[in-house]
Each structure stands twice: as structure tokens, then as C-alpha cells.
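First up is the structure itself, then whatever we jot down about it.
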Number of protein chains: 2
Amino acid sequence: MATGRTHRPATRSRGIPEATVARLPLYLRALTALSERSVPTVSSEELAAAAGVNSAKLRKDFSYLGSYGTRGVGYDVEYLVYQISRELGLTQDWPVVIVGIGNLGAALANYGGFASRGFRVAALIDADPAMAGKPVAGIGVQHTDELEHIIESNGVSIGVIATPAGAAQQVCDRLVAAGVTSILNFAPTVLTVPDGVDVRKVDLSIELQILAFHEQRKAGEEAGPDGGAPVAATRAAAAVAGEGKGPDGDVPAVMPA
Amino acid sequence: MATGRTHRPATRSRGIPEATVARLPLYLRALTALSERSVPTVSSEELAAAAGVNSAKLRKDFSYLGSYGTRGVGYDVEYLVYQISRELGLTQDWPVVIVGIGNLGAALANYGGFASRGFRVAALIDADPAMAGKPVAGIGVQHTDELEHIIESNGVSIGVIATPAGAAQQVCDRLVAAGVTSILNFAPTVLTVPDGVDVRKVDLSIELQILAFHEQRKAGEEAGPDGGAPVAATRAAAAVAGEGKGPDGDVPAVMPA
DNA sequence: ATGTCTTTGTGAACGCGTGCACAAAGATGG
DNA sequence: CCATCTTTGTGCACGCGTTCACAAAGACAT
């Protein structure tokens, strides 16, 4: 789901399933909110509701971390926050570089959720010389030439790619060569990386297309098996197929495609 | 995975598995690239490599759509582009509203991948009166008061929420009440919606936390089962746990948390 | 027309994730 | 100290998704 490579032993390291790992941040957020409201304990039922999951699933997830609950009472909020944070590796500082400071890169740089979770923006990097030195979110943008130097001197192991699709693989290769082993990719491309490097992809266009599929299905059901066009005009299909050189290729891309 | 509700019959409508639907956009992108290079046909092996998936999986995915391939030859690129586009509902125009025009909302508005996939930004909406009328990506921002009117008069069925977490549920409720049945949520909150409404979530912070988990695991493996701190200094765990009122709550939020 | 060779489409096995349902654990009150 | 009541932790079954492996289908050459 994440790596661009063939297989992966997932997360059998200490037996924590990948699906569980993906939910831990969700639990952590709900727990943090409870912690701020000084709630001492929660039941699996309450916490599950807050996180939007099944309570049995939540209990099973926590069982992979250990027996942190008390039967008849529930879970100690503070303790659980600590345990999950530790498990996720959030008790340490993770320097991060963002490459590609367009609209999206700037939005990411300004994002407040970084610092509060142990992530620190070590540098903003862009290929455009005109951007160099320009402050974004209080940090001066540096040129791509500095990439290797920045990564090595800051011990950066996590990189965020927010470049146009055409530049992504090249940037990725340089990041990996310089020592980055985890990449969050916003560019609409399949990245190829060596074994041992994790890639996670965020793709807005794909999410919208999935929504469109379900939307079409809904419209089709209530309007007969024919699937009538909902409100808006139906576009010529050929326009989608051909249309050559759409604004999607790589040039001004500012977000996943 | 997407809905904030309990269960869902997934996509048993015509038997197309949800996992397959999620991959169709991936295939479509690869196929579009081939189409632009005027490649007439592709084998499942080639296309699978381009999309970064297993070829058997790809063939099985396509088999849910029908038998569009020719044995001994492969798939006709143009024809497949059309079939997938149609299946995803991309042969029609989908008006979309973006609510919350902060850094992220603006980045989304500027995103070129919208139009090229059949999505059209019908309106940008923000609660800040100072934003009203201000042009972003060539479109004037409108005030939240107009929300219901815009949705109804444009027949909008897909909404994008890019507001701070605190406002998300409220915006969501209004969108749904006005007729929106698919929501793409960038706010770091669990949205509660009625049955029949699809919600997909994009959460940057969660992705980073998952990467941190794997990163920590890698570091721990090569430095003994103790798990030495990689380069950066280890933060006090308490700072993560307590820290009350971090920049994550809802006020200046500009991205998923 | 026949044979060979390529590639699809799919039956079957496997593994992961989910959710039910319940026994064990422990808190709490008398 | 015992009874009761709440909530955890988990064994089990089920269903979805993935992958293998191969028969069927068709292109292409002779």
C-alpha cells in the first residue's frame, strides 16, 4: 500500500499489524483531547466512539501493545498517551525536509500539526533559484543544490516530496542517496525506491475519483439501472481519453494529481 | 476506512471490490500517460509495472469490469482509458466546493488535476468575511452564508473540507443538509454523517506518524533491541503527553493534524 | 489449415483483518 | 471475605483481498 517495491514483511517486527499501526495515531489524537480535558480514564467503548472505530477492534489493537487496561475500569489516559507515543516513535524528535515549495509545500510548511507531534521542519527546498532565501513559514527556502548537505548535517531520515510529478523520482533518488529512508509523496507518480525505504503516498485526485465512483453508483441506483447523469451535463468521453497534455503532466502541478 | 459510520456494504453494487476501485485511478493515470505517448496496446505485465502493482492483481481487477483484453496481445489503451473513466464516473462533470480557504484550501483550489479529471471547482467558501470576494485561483471566495445556496443552485454533490478541526463537523452537517453526499475531509477530526454519505479522510499527520513508527523500527533493529535514538535528541515524553493546547487543536490549523 | 507462442482470465489456496461473544480479572459494596 | 457488576483481553469464525498457477483464447507464422 505504501512502498513502491514488490513485497514487504509488513510490520511483523514485534507482531504489531500494519492496520493497527495505522490506527494508533487516531487513538492518540482522541486520547490527547481527553487528556486536555483532564479525563483520567476511558473505557474501550468511549474511546472507540471518539476515534470512530469498533470497540472490539480497539481492544485488540491495544492488546498488541500490552495489557495497559484495568478490567472493570478502562484505560488510564495519560499512561496510554505515553505508551502509544513511545510505540509510534513520537517521544523523539524527527527532523523533516520538504522539497518543492509551491502552494502545497507552503501549506505543509505552515502546518501546525508538525511540531506538536515530534516533527520538526529542518529545511524547505526548492529548485527555483528565485525562491532561494525567501522566507516561508519563518524558514528560508534553500536551493536544491543544498539538499545532500542539509540532510546529512541534520540527520534527516524523513522527506516530504511536494514537487511536480516530473521531478519527483529524481528528488526521491537524491533523498534516498543522501540517507533518507522514509518518504511522504504528494506527487502523482509511482516512486521506485530500494528495499528498506518506506514510501507513503497522498493523492488528492485518487480520493476524489473514488468518491465520484460511489457518487455515480448512488445516482445510478435511484434513477434506474441505466444511471442517469446527475444534474450536471455529461462530458464527451473522448475528452477524458485523449485530451493530450492536460494540466496534469508535471509542469505547474501543485498537488497530487 | 472512509465512512465515519459503522458498517457499509462496501461496493457490492456490481461486484467491484472496494480495493479494486481504489486502484482504478492508478491504472487510469498510467494508461493516460501511455495514451499521450500514442502507445496502442499494453500487456498486463507492463501496465502493472507502470502502476506499481502485481500483474495478476491488475488482471483480476480488470476482470471485474469485463473482458477488455485480447489474449496474446494485451489491452487496447484508448479503449481501457474510456472504460475505466466511465466506470469511475469521470465521463461526467462533477462540481465541487472547497470550504476553508486557508493555505491548504488555496493549494487545492490551484490544483490543476481537478479539471483534467472531470472535477470543476464550483465555489470557494470561507467563514472569514475578510476573505469574501478575494480571488483565489481565479475564483472569488464566498462567505459561508452562501453555502446552501451555492450547493443547491449548482447541484454540488461533492464537498472538500479544509477548515480547522473545530469547524469541520459543523461545516459537514451543513454540506450534508444542503445535499452533498460525498465528502473529502482534510480536517483532523472524525466526521459523523448519516448513512448514504461517503467520507474519505486525508490526514498528513497520521501518515507522518506511520512513517515515524517504521523509521523507529529500522533504527531499533540496527542498533540492538534497545532502540537507540537516531541522531536527534530524545524529547521528554511528558511534553508529548500533556503540553495542553498545542497548535493542533483547531485555531490556526491549516492542514490535517 | 495447423501449430506454436504469447497473454489473458480465473479457480483455488492462503493470509490478514474484523467482529462476535465470552471467560477471566478486578473493582466496588456490603 | 464474599457477591456482584463492569470492562478487559482473546479464541474463534468469517469474509475480503492477494497471489499462484494454469487452462483457454487468440494472434501470428508457415
Side-chain angles (χ1 to χ4, degrees), chain A residues 1-3 5-24 26-27 31 39-77 79-80 83-84 210, chain B residues 1-3 5-24 26-27 31 39-77 79-80 83-84 210:
Chain A
M1 192 235 225
T3 52
R5 285 330 246 124
T6 41
H7 75 308
R8 182 180 32 151
T11 305
R12 209 161 43 263
S13 30
R14 207 169 90 213
I16 303 181
E18 187 63 22
T20 295
V21 173
R23 279 188 295 268
L24 291 182
L26 224 56
Y27 302 145
L31 284 165
V39 177
T41 61
V42 264
S43 69
S44 62
E45 204 72 45
E46 292 167 323
L47 186 54
V53 303
N54 182 296
S55 70
K57 192 189 297 186
L58 179 143
R59 287 198 299 275
K60 181 150 291 189
D61 282 343
F62 286 174
S63 76
Y64 291 118
L65 309 182
S67 287
Y68 295 149
T70 305
R71 300 181 189 226
V73 176
Y75 299 91
D76 181 277
V77 173
Y79 187 57
L80 203 47
Q83 290 298 342
I84 295 179
I210 294 171
Chain B
M1 185 227 254
T3 51
R5 281 336 239 121
T6 40
H7 75 309
R8 184 181 29 153
T11 306
R12 208 161 46 262
S13 28
R14 205 169 90 215
I16 303 181
E18 186 63 23
T20 295
V21 173
R23 279 189 293 270
L24 290 182
L26 223 55
Y27 302 144
L31 285 165
V39 177
T41 60
V42 263
S43 68
S44 63
E45 203 74 45
E46 293 167 324
L47 186 55
V53 303
N54 183 296
S55 70
K57 192 189 296 187
L58 178 142
R59 285 198 301 274
K60 179 145 290 190
D61 283 343
F62 286 174
S63 77
Y64 292 117
L65 309 183
S67 287
Y68 294 150
T70 305
R71 301 178 188 228
V73 176
Y75 299 91
D76 181 275
V77 173
Y79 186 56
L80 203 46
Q83 289 298 343
I84 295 180
I210 295 171

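All heavy atoms count here, side chains included; hydrogens, waters and symmetry mates do not. Per chain, numbering begins at 1; letters A, B, ... match sequence-line order.
- In this structure, the ring of B/F62 has its center no less than 6.0 angstrom from the ring center of B/Y68.
- Rounded to an integer number of Å, the gap from A/K57 NZ to D/dT10 C1' is 17 Å.
- With D/dT19, D/dA21, D/dG9 as the candidates, the nucleotide lying closest to the side chain of A/Y75 is D/dG9.
- The NZ atom of A/K57 sits 13.5 Å away from the OG atom of A/S44 when rounded to the nearest 0.5 Å.
- Annotation: the span from A/Q83 atom CD to A/L24 atom CG amounts to 11.5 Å, rounded to 0.5 Å.
- Position along DNA chain C of the nearest nucleotide to A/G72 versus A/N54 favours A/N54 as the more 5'-ward residue.
- Between B/A56 and A/R23, the residue whose closest nucleotide on DNA chain C is further toward the 5' end is B/A56.
- For the atom pair OH (A/Y27) and CG (A/L47), the distance works out to 8.0 Å, reported to the nearest 0.5 Å.
- Within 3.5 Å, no donor on the side chain of B/R71 pairs with an acceptor on the base of C/dT7, nor the reverse.
- Of the candidates C/dA27, C/dT8, D/dT18, the closest approach to any side-chain atom of A/V73 belongs to C/dA27.
- Evaluation of atom-type donor-acceptor distances gives no pair under 3.5 Å for the side chain of B/K60 against the base of D/dG17.
- Within 4.0 Å of A/F62, counting heavy atoms only, lies no atom of the nucleic acid at all.
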